[in-house]
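Below is one structure, written out as structure tokens; the observations come after it.
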Amino acid sequence: QVQLVESGGGSVQAGGSMRLSCAASGRTFSDYAMGWFRQAPGKERIFVSAISRSGSRLYYADSVKDRFTIDRDNAKNTVSLQMNNLKPEDTAVYYCAARTKDYGDWSTLNYNYWGQGTQVTVSS
């Protein structure tokens, strides 16, 4: 089992920045590729970003490209999402996820483990 705990959510005005973190425990962190997803009220959970096990490959949804940056620290068992130039449409609950598969479709919800989520609210 892998336990994932997100932190860093909150409220910010449009144009502001926020950094989300996800702390993992329970298994060898570097055995898992990591992803961030988000779910707005009444909408489906969608892909935001992902990072390969080694951190050498990064993936982003078009809607966040050039604004969000994902990174991981395998020594500290953490993955983070730096979010800049936030927009009201970025408002959602953000989820951290882990999967053993280190290739293929990163936007699928087929991840092995999920965190409980952290709320991000961006006001205009």
Side-chain angles (χ1 to χ4, degrees):
Q1 290 283 345
V2 173
Q3 292 77 42
L4 302 173
V5 179
E6 301 96 338
S7 61
S11 298
V12 67
Q13 288 191 326
S17 297
M18 189 177 290
R19 185 174 179 85
L20 304 182
S21 293
C22 174
S25 61
R27 293 281 179 91
T28 302
F29 183 62
S30 58
D31 286 347
Y32 294 86
M34 301 299 296
W36 285 97
F37 290 74
R38 68 187 183 189
Q39 187 167 18
K43 296 189 176 182
E44 295 182 345
R45 190 172 300 188
I46 60 172
F47 170 75
V48 174
S49 182
I51 187 167
S52 62
R53 292 175 187 169
S54 67
S56 61
R57 289 173 285 128
L58 312 179
Y59 305 90
Y60 298 97
D62 288 343
S63 60
V64 306
K65 203 170 293 183
D66 299 326
R67 298 190 299 123
F68 290 11
T69 303
I70 190 172
D71 65 86
R72 66 187 295 163
D73 187 333
N74 285 345
K76 295 183 178 180
N77 294 352
T78 60
V79 60
S80 298
L81 186 68
Q82 177 66 42
M83 306 184 294
N84 297 329
N85 190 22
L86 282 160
K87 304 175 180 181
E89 50 264 43
D90 294 319
T91 295
V93 176
Y94 283 70
Y95 297 90
C96 170
R99 75 183 203 186
T100 53
K101 191 174 181 181
D102 202 33
Y103 57 93
D105 184 358
W106 295 91
S107 66
T108 174
L109 296 179
N110 191 21
Y111 281 64
N112 302 99
Y113 302 100
W114 292 84
Q116 292 299 308
T118 185
Q119 176 70 47
V120 172
T121 302
V122 184
S123 58
S124 57

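Counting only heavy atoms from C-beta outward, the side chains of Met83 and Val64 never approach each other to under 4.5 Å. In this structure, the side chains of Thr78 and Ser21 stay at 4.5 Å or more apart for every pair of heavy atoms. Contact annotation: the side chain of Arg99 never approaches that of Asn110 to less than 4.5 Å [non-hydrogen atoms, C-beta and beyond]. Residues Phe47 and Thr108 fail the side-chain proximity criterion, which asks for heavy atoms closer than 4.5 Å. Two residues are said to be in side-chain contact when any heavy atoms from C-beta on lie closer than 4.5 Å; Glu44 and Phe37 fail this criterion.
No chain of hydrophobic side-chain contacts below 4.5 Å, direct or via other Ile, Leu, Val, Met, Phe, Trp or Tyr residues, connects Val93 to Leu4. Under the 4.5 Å side-chain heavy-atom criterion for grouping Ile, Leu, Val, Met, Phe, Trp and Tyr, Ile70 is connected to Val120 within one hydrophobic cluster. Hydrophobic cluster membership differs between Trp106 and Leu58, with clusters built from Ile, Leu, Val, Met, Phe, Trp and Tyr side chains linked at under 4.5 angstrom. Note on Tyr95: it does not cluster hydrophobically with Phe29, by side-chain heavy-atom contacts below 4.5 Å among ILVMFWY residues. Both Phe68 and Ile51 sit in one connected hydrophobic cluster of ILVMFWY residues. Membership requires side-chain heavy atoms under 4.5 Å apart, directly or through other members.
Within the model, atoms CG of Asn112 and CZ of Arg27 stand 9.5 Å from one another, a figure rounded to the nearest 0.5 Å. Distance check: Arg72 CZ to Asn77 CG gives 9.0 Å after rounding to the nearest 0.5 Å. Atoms CH2 and OG, from Trp36 and Ser80 in turn, are 7.0 Å apart once rounded to the nearest 0.5 Å.
Considering every non-hydrogen atom in both Thr100 and Tyr32, the closest pair reads CG2-CE2, 3.5 Å. The two atoms that bring Val48 and Tyr94 nearest to each other are CG2-CE2, 4.3 Å, heavy atoms only. A pairwise comparison of heavy atoms in Tyr111 and Met34 identifies CE2-C, 4.3 Å as the closest pair. Leu81 approaches Ser49 most closely through the heavy-atom pair CD1-CB, 4.1 Å. Shown here for Gln82 and Ser17, the closest heavy-atom pair between the two residues is NE2-CB, 4.0 Å. Considering every non-hydrogen atom in both Asn74 and Ser30, the closest pair reads ND2-CB, 3.7 Å.
A donor-acceptor distance shorter than 3.5 angstrom exists from the side chain of Thr91 to the backbone of Val122, with no hydrogens or angles considered. Proximity of a side-chain donor or acceptor of Arg57 to a complementary backbone N or O of Tyr103 within less than 3.5 Å is not detected.
The side-chain hydrogen bond (donor to acceptor under 3.5 Å, both in side chains) search around Asp90 returns Arg38, Arg67, not counting sequence neighbours.
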Please output the side-chain donor-acceptor pairs of residues 6-14 that fall under 3.5 Å, not counting sequence neighbours, one pair per line with the distance.
{"unit_1": "Glu6", "atom_1": "OE1", "unit_2": "Gln116", "atom_2": "N", "d": "3.1"}
{"unit_1": "Glu6", "atom_1": "OE1", "unit_2": "Gly117", "atom_2": "N", "d": "2.9"}
{"unit_1": "Glu6", "atom_1": "OE2", "unit_2": "Cys96", "atom_2": "N", "d": "2.8"}
{"unit_1": "Glu6", "atom_1": "OE2", "unit_2": "Gly117", "atom_2": "N", "d": "3.2"}

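With a 6.0 Å cutoff to the six-membered ring centre and a 45° limit on the axis angle, Arg45 counts as a cation-pi contact of Trp114.
Counting non-hydrogen atoms of neighbouring residues, nucleotides and ligands closer than 6.0 angstrom, the CG atom of Asp66 reaches no more than 12 such neighbours.
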